[in-house]
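To start, the structure under review is shown below, and the notes come after it.
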Amino acid sequence: MATMEGVITGAFARILEVNRERFNAKFAFSRHFLPGLDADTFSHHLIHVVTPIVNKLSPERAEMVAEILFDLSLELMGKDYLGKQRRYPAIHMGWEELLPIFPHLLEQSPRYFIGALTNALYNLSQIGRPLEWLNIVKTMSFPDITTFMDVGKILAWRCGMAHYRESALAVCRSLNATWVIQALGVPEGSNVMHLLDRLTLDPWASPIDENGDDRALHIVKKVSAFRGFGGVFMQPPTVRYLDGCFVVFDGNNSWQLHADVFGATLHRLDDIPTSKPSENSYFHLDKNGTITHQGIQQQFSCLANASSYASNATTLAVTLPLSHRVYLVG
Amino acid sequence: MTTDPYRKVSQSPTRPGQRSARKTFDVADLYRGPVTELEAGTDRGISLDEKLRQAYFWIVNHAIISPYYDIEYYDGPYQTYTFGDRKSPLNLPSDQSYSSFVLLPILNFAVQRRCLFVGGPGRGKTASAVLMGVLAGYSVQDIRRAIQHGHPQMTIADLLGNPLPADMVKAESMENIRIAWRRWLGMRIKIIDEYNRIPTRTQSALLTVMSDNYAEMLDHIYECPPAAWYLTANDDTGGGTYPVIEALRDRIDVVVKALHFNSRFLNELLTRVEEELRPEELMPSQIIFTEEETTLMYREILNVVIPPKILRRLEFFTSQFEFCESGGEQLEYKTKDTIKLAGEDLQRIFAMETGKDKLKDLGLQTLNGMSVRALLTALVFVKAMAYFRGNKEVALEDVRQIMPFVLHDKLVQNPEAPFLEVEENKVFQVDRIGWLRRIFDLSCAEYDRLDLDHEDPVAEISLVFDRGLEGVTDSEVRKQLSQIEHILNEWSQGRKLYSHMFDDILKLKYFHQRYTNYLKWLQWKA
């Protein structure tokens, strides 16, 4: 840690100098429990990631924020959330690219802001599109952490976390229209209430196509794949509609399926559901792959001889005997 | 999960409940992940009892090496083993259990009472007290400097402060003398190290601060804020350089023994030595309580309910100890306190008593009864225990676990009690906590044998009385009087006068007197 001070410059260098003993003790203690915590990697992280952040802070807050950054770096590096291994490159990018451009948010509530950002990128890395989220956030500026977090929630939904749809729409309704417009990426001046009503009624409505009144059916999503090819299903699954959601079952495990225009997510269920499935009263699919819905009939030959199908008011989910995907029609 | 053990605060919930089957999603979960302890001051939705538990677990996991679970809770079957010739039992608790050395100071912190650490030197007594100070938001430096170290030359001025010398010369009246009060008087955590080395005169000054929360010097008063007190002593018999005055000893609310160091944890000590680590400097900010939080937490503790059935058992237990049939002629005076005040020897009096089973009589095991102060402390601490466990009501086990620590210095053991001379009970002559727990268990067993949950005539009279006297007619009053007299008559027929009956009889007398006065008033009114 002593050698590093010569390379780090500015406010952070001074902070390290003053608190040298304590920082050294923290690092030494953490390394005792985590032999994999590498001094060089940690130094590199402090020089290239933490220093630019700290040097942008106001002098009164810099020391406090620096210590929190140091502590969190130890925490996260030990489990490879940060650092050389980079299981989650988005987290590293978030620290490198976002933290330096929001010093005022850092100073407001450092651990809260850093922690929230890190956790968001971690969750997006599991089941969303974290880089898309990052790139959008980079283009925005936020007056406070609350706004950042609310907009971040909507962006997470927009970046593929379809299971957050309902709660994200609720956040949209509580936010100022300007922020909703930015978060959903719709043109300025859009009628936000009308837009939210559309999105609420139809999960497949495009946020930017206000006039879209396309009554034709489309295969809107093909969800997942064989586990060996990056999907989750071991065998061709079947689908049912239970207790208000799509449940997909591959013979061993069940998943809850959430999908909309922004993405599709699967969530493993602890128990195999035993509720009685809802009747398919909204969509009908025959053996030839012809779908009937609200007076519209359309044939999808690729959906012929389906092994199962289930529907709600807006979506038909279909599985095929020889496919590891779930086909969504809307 | 954090990789810095000193920063890790136990994840909520620290007392897990049931999981729901179906997944529901809230977009707020986006911000929950590997960084688990977000900054204090933000709305994390964490309750104060949860924070208290997190504080406990942080201390027990990272700060104090006290790998003991001597406060044992059970939830269902559990394993028991015995070791050695004395068949020393080891139970493996089946529910969350705790180390008294960490838990009791934490509870004391929550209810702002007075906790005495006892144990040999170098066992972590002062270190534990310092941690409580850090938990209250003070810096380690401030806390250490505020510790009052007892020594034989300690004067009142050392303890409380000095009048300003210039004022002493110039002042023409006491009012004009300013006092430089010691800073520790204004702190919410007060630590007195080796209190039994303080001279008697200075102990009196300390007593005033501890009991009445003010300090006085030259007619000047310093009002102290509410505080949690931590005192240390190397032994718990009141010995030391100076004997501790009884009034001061009596102000101690809980006594905590410093447990021995388990040698299998030497590696942890080695780490601290090698890394020059001081856990008190690494306490996470998330578990530090503000003054407002401490005040609010105390109010929440007071709102914890003691169910009537639990309270009744506590009453029964308490009633075992004061009564002494030879204590006086009048029933009200038949107490150990009467004998003590008369300067008589209780052992000699006990020896005169006949007709009762001296092994079973719990009253013979103590030289005193429970004071009001002890009862008040007991009530607060059992509530605190239930609160700590996340419950809205006190359970019997909470009482059973806490009472020994509260009564440790309050119930004085009779060393010549026949019960303690039985071979298997001799260990209780040294194990005060074990003894207190045992007599509580015996009391509960007797309570069950007497079926007092169902057979309690005093409770029935009490129920009617508690409805109030307003509007009660002459005939109703007479009916109650007759009922009381009937019960007393029945009890007086050849039955022995046991300790637990003593308070019951006096309460019936109380009801009788109240009804009698009311009847007279009704007659006067008519």
Side-chain angles (χ1 to χ4, degrees), chain A residues 21-22 24-26 28-30 32-34 37 68 71-72 74-79 81 88 91 109-124 128 145 149 152-154 156-157 161 163-168 170-171 242-245 256 258 265 267-271 273, chain B residues 1-9 11-12 18-46 58 61-63 139-141 266-288:
Chain A
E21 216 177 275
R22 196 164 76 258
N24 280 345
K26 287 188 186 192
F29 188 80
S30 294
H32 181 81
F33 288 89
L34 302 152
L37 189 61
I68 290 171
D71 289 344
L72 280 171
L74 282 173
E75 267 186 57
L76 295 168
M77 205 160 266
K79 277 276 181 177
Y81 293 112
Y88 304 98
I91 295 179
S109 213
R111 192 179 174 95
Y112 190 47
F113 178 59
I114 302 167
L117 175 68
T118 305
N119 291 342
L121 289 167
Y122 166 78
N123 288 315
L124 280 156
I145 294 177
M149 289 180 67
K153 288 173 188 173
I154 304 170
W157 171 43
M161 301 182 100
H163 51 296
Y164 286 151
R165 179 184 158 71
E166 265 180 46
S167 46
V171 173
L242 294 172
D243 297 332
C245 65
Q256 215 167 288
H258 295 263
T265 58
H267 307 271
R268 183 104 137 227
L269 290 170
D270 297 323
D271 299 308
Chain B
M1 208 142 95
T2 180
T3 59
D4 177 352
Y6 277 90
R7 307 305 302 177
K8 174 163 171 54
V9 172
Q11 283 202 44
S12 293
Q18 287 197 331
R19 293 183 347 172
S20 58
R22 181 168 162 212
K23 288 185 193 295
T24 55
F25 298 99
D26 181 355
V27 71
D29 292 338
L30 176 72
Y31 298 116
R32 294 195 182 105
V35 182
T36 53
E37 301 98 25
L38 302 187
E39 209 165 73
T42 61
D43 180 12
R44 293 189 292 146
I46 186 169
W58 183 87
N61 290 335
H62 303 303
S139 70
V140 177
Q141 194 178 63
L266 197 57
N267 60 325
E268 291 216 18
L269 278 188
L270 178 62
T271 302
R272 293 188 191 189
V273 164
E274 288 173 346
E275 311 293 351
E276 293 183 271
L277 288 166
R278 288 173 287 279
E280 64 273 16
E281 292 173 3
L282 299 172
M283 187 179 284
S285 58
Q286 298 89 281
I287 59 173
I288 291 174

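Within every chain, numbering begins at 1; the chains are lettered A, B, ... in the order of the sequence lines, protein sequences first and strands thereafter.
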Worksheet item: What distance do Lys153(A) atom NZ and Asp26(B) atom CG have between them, rounded to the nearest 0.5 Å?
Response: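 Those atoms lie 7.0 Å apart.
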Taking all non-hydrogen atoms of both residues into account, name the closest pair between [X] and [Y] and its distance.
X: Val27(B); Y: Ala168(A); answer: CG1-N, 4.2 Å
X: Tyr31(B); Y: Ala116(A); answer: CD2-O, 3.2 Å
X: Leu30(B); Y: Met161(A); answer: CD1-SD, 3.8 Å

Look at the rings of His163(A) and Phe25(B) and say which category their plane angle falls in: under 30° parallel, 30 to 60° tilted, over 60° perpendicular.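 If you compare the ring of His163(A) with that of Phe25(B), the planes turn out perpendicular.
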> Within a strict 4.5 Å, meaning less than it, do heavy atoms of the Asp29(B) and Tyr164(A) side chains meet?
Replying inline: yes
Chain B contact via [X] - side chain, backbone, both or neither, heavy atoms under 4.5 Å:
X: Arg268(A); result: backbone
X: Met149(A); result: both
X: Leu72(A); result: side chain

| request: List the steps, then state whether side-chain contact (heavy atoms from CB on, under 4.5 Å) holds for Val35(B) with Arg111(A). | output: CA-CA 9 Å; Val35(B) 182; Arg111(A) 192 179 174 95; 4.1 Å; yes
request  = Kindly check if the number of other-residue, nucleotide or ligand heavy atoms within 6.0 Å of CD (Glu268(B)) is above 12?
outcome  =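 Yes.
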Just so I understand: if I count every heavy-atom pair under 4.5 Å between each of [options] and chain B, which residue has the most?
options: Gly152(A), Ala120(A), Ala170(A); answer: Ala120(A)
options: Tyr122(A), Phe113(A), Trp157(A); answer: Tyr122(A)
options: Leu124(A), Val171(A), Asn123(A); answer: Asn123(A)

